Amino acid sequence: QVQLVESGGGLVQAGGSLRLSCAASGRTFSRNAMGWFRQSLGQERRFVAAIAMSGGSTYYADSVKGRFTISRENNNHTVYLQMNSLKPEDTAVYYCAAGLLGTNWAPWTNPRAISSWGQGTQVTVSS
C-alpha cells in the first residue's frame with residue numbers, strides 16, 4: 001500500500017500560479033505512475049496529469065496542456081504539479097494518485113485504475 005501526502009493548494013487570482021507537491025511512502029514500485037485528478041463540487045473526479053516513475057513519460061488532460069507541468073524526484077518519491085495561467089474553472093479539490101501503469105496511458109486516466117489516493121488539497125482561482 002502506498003501512502004500519499006499532498007501540499008501546496010490555496011487561493012490565487014486568475015492568471016496566477018501554484019505548485020502542488022505529493023510525497024509517497026510505503027510500498028512504491030518502479031512500474032507505478034503518479035499523478036493528479038481533480039473534483040469540482042457536484043462533478044465526478046477527472047484526470048489532470050500523470051508521470052511514470054520509471055522513464056518519466058508524462059500525460060496531460062487537454063484542458064491543462066501548455067499550462068500545467070508535472071515532474072518527479074525519484075529519490076524521495078515526490079511528484080510536483082506546477083500550475084500556471086490558472087483559470088477559475090481550475091477550481092477544485094486536487095487529489096494525488098498512484099497506480100500501476102500499463103502499456104498506454106488511457107486506462108490510467110480512469111479513477112477506477114487508481115490504487116492509492118491522497119487526502120486532497122483545495123485549489124481556488126478567483127476571477
Side-chain angles (χ1 to χ4, degrees):
Q1 187 72 13
V2 178
Q3 291 79 46
L4 304 173
V5 178
E6 303 125 332
S7 60
L11 172 65
V12 65
Q13 288 187 332
S17 298
L18 282 174
R19 189 174 84 152
L20 305 182
S21 301
C22 176
S25 61
R27 297 186 68 190
T28 57
F29 300 99
S30 61
R31 286 174 54 207
N32 268 1
M34 290 179 62
W36 300 87
F37 287 70
R38 65 187 182 187
Q39 189 167 18
S40 304
L41 193 63
Q43 297 192 5
E44 62 186 13
R45 194 168 297 188
R46 294 178 178 173
F47 171 76
V48 176
I51 187 166
M53 299 311 286
S54 177
S57 66
T58 59
Y59 193 69
Y60 295 92
D62 287 343
S63 58
V64 306
K65 280 181 183 176
R67 300 189 299 122
F68 292 11
T69 302
I70 191 167
S71 60
R72 79 194 195 286
E73 288 185 13
N74 275 4
N75 286 348
N76 58 4
H77 304 292
T78 300
V79 170
Y80 304 96
L81 185 67
Q82 178 66 42
M83 305 184 293
N84 298 329
S85 302
L86 283 161
K87 305 174 181 180
E89 51 264 44
D90 294 317
T91 295
V93 177
Y94 283 70
Y95 293 92
C96 183
L100 289 176
L101 176 62
T103 56
N104 66 81
W105 279 110
W108 206 93
T109 65
N110 188 329
R112 292 190 179 91
I114 302 304
S115 55
S116 298
W117 293 99
Q119 79 281 4
T121 185
Q122 177 70 46
V123 171
T124 303
V125 184
S126 63
S127 57

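Every heavy atom of this structure was used, including side-chain atoms; hydrogens, water molecules and symmetry mates were not. Nothing here was measured: the structure is a model prediction, and the numbers come from that model. Residue numbers run from 1 in the order of the sequence given.
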*Asks:* Quick one: does E6's side chain have a donor or acceptor within less than 3.5 Å of a partner on Q119's backbone?
*Replies:* yes
*Asks:* Quick check on side-chain contact (heavy atoms from CB on, under 4.5 Å): which of F68, Y60, Y59 does V48 satisfy it with?
*Replies:* F68
*Asks:* Are L20 and I114 connected in a single hydrophobic cluster, I mean Ile/Leu/Val/Met/Phe/Trp/Tyr linked by side-chain heavy atoms less than 4.5 Å apart?
*Replies:* no
*Asks:* Please identify each residue that fulfils ring-ring contact (aromatic ring centres under 6.0 Å, His included) with Y94, with sequence neighbours left out.
*Replies:*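 Not a single residue meets the ring-ring contact (aromatic ring centres under 6.0 Å, His included) criterion with Y94.
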*Asks:* Kindly write out the residues that satisfy side chain to side chain contact (heavy atoms under 4.5 Å, CB included) with S126, not counting sequence neighbours, or none if the list is empty.
*Replies:*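 Result, side chain to side chain contact (heavy atoms under 4.5 Å, CB included) vs S126: L11, Q13.
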*Asks:* Please answer: with hydrophobic residues joined when any side-chain heavy atoms are less than 4.5 Å apart, are M34 and L81 in the same cluster?
*Replies:*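 Same hydrophobic cluster.
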*Asks:* Do W117 and R45 come within less than 4.5 Å of each other through their side chains, counting heavy atoms only?
*Replies:* yes
*Asks:* Do you know the tightest heavy-atom contact between A113 and P107?
*Replies:*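 Closest approach of A113 to P107: CB-O, 3.3 Å.
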*Asks:* Tell me the closest heavy-atom pair linking Q3 and G26, and the distance in Å.
*Replies:*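 The answer is OE1-CA, 3.6 Å.
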*Asks:* Provide the full list of disulfide (SG to SG under 2.5 Å) pairs with a residue in residues 74-117, sequence neighbours left out, each pair given once.
*Replies:* C22-C96
*Asks:* Any side-chain heavy-atom pair from P111 and Q39 closer than 4.5 angstrom?
*Replies:* no
*Asks:* Would you say F47 and W105 are hydrophobically clustered, going by side-chain heavy atoms of ILVMFWY under 4.5 Å?
*Replies:*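 Per the 4.5 Å side-chain linkage, F47 and W105 are co-clustered.
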*Asks:* Can you tell me how far the CD atom of Q82 sits from the CZ atom of R67, to the nearest 0.5 Å?
*Replies:*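 Between Q82 CD and R67 CZ, I get 12.0 Å after rounding to 0.5 Å.
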*Asks:* Could you tell me whether the side chain of H77 reaches within less than 4.5 Å of the side chain of N32, counting heavy atoms only?
*Replies:*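 No, side chains not in contact.
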*Asks:* Under 4.0 Å between a Lys/Arg side-chain N and an Asp/Glu carboxylate O for K65 and D62?
*Replies:* yes
*Asks:* Determine the minimum heavy-atom distance between S17 and S85, stating which atoms define it.
*Replies:* OG-N, 4.4 Å
*Asks:* Looking at K87, is its backbone amide N or carbonyl O close enough to the side chain of D90 to form a donor-acceptor pair, meaning the two atoms are under 3.5 Å apart?
*Replies:*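 At least one qualifying donor-acceptor pair exists.
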*Asks:* Identify the two heavy atoms, one from A14 and one from P88, that lie closest to each other, and give their separation to 0.1 Å.
*Replies:*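 What the structure gives for the nearest pair is CB-CD, 4.1 Å.
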*Asks:* Please list all pairs passing the disulfide (SG to SG under 2.5 Å) test where one or both residues lie in residues 97-127, with sequence neighbours left out.
*Replies:*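 For residues 97-127: none.
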*Asks:* Are any side-chain N or O atoms of S40 and backbone N or O atoms of T91, one a donor and one an acceptor, separated by less than 3.5 Å?
*Replies:*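 Here the side-chain-to-backbone pair exists.
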*Asks:* According to side chain to side chain contact (heavy atoms under 4.5 Å, CB included), who are the partners of V12, at least two apart in sequence or on a separate chain?
*Replies:* L18, L86, V125
*Asks:* If two hydrophobic side chains count as joined below 4.5 Å and joins carry through other members, does I51 share a cluster with W36?
*Replies:* yes
*Asks:* Determine whether W108 and Y95 fall in the same hydrophobic cluster, where Ile, Leu, Val, Met, Phe, Trp and Tyr are linked whenever their side-chain heavy atoms lie under 4.5 Å apart.
*Replies:*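 Shared cluster, yes.
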*Asks:* Apply salt bridge (Lys or Arg N to Asp or Glu O under 4.0 Å) to R19 and list each qualifying residue two or more places apart in sequence or on a separate chain.
*Replies:*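 If we apply the salt bridge (Lys or Arg N to Asp or Glu O under 4.0 Å) test to R19, skipping adjacent residues, there are no hits.
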*Asks:* Which heavy-atom pair separates A33 from L101 by the least distance, and what is that distance?
*Replies:*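 So the minimum-distance heavy-atom pair works out to CB-CB, 4.0 Å.
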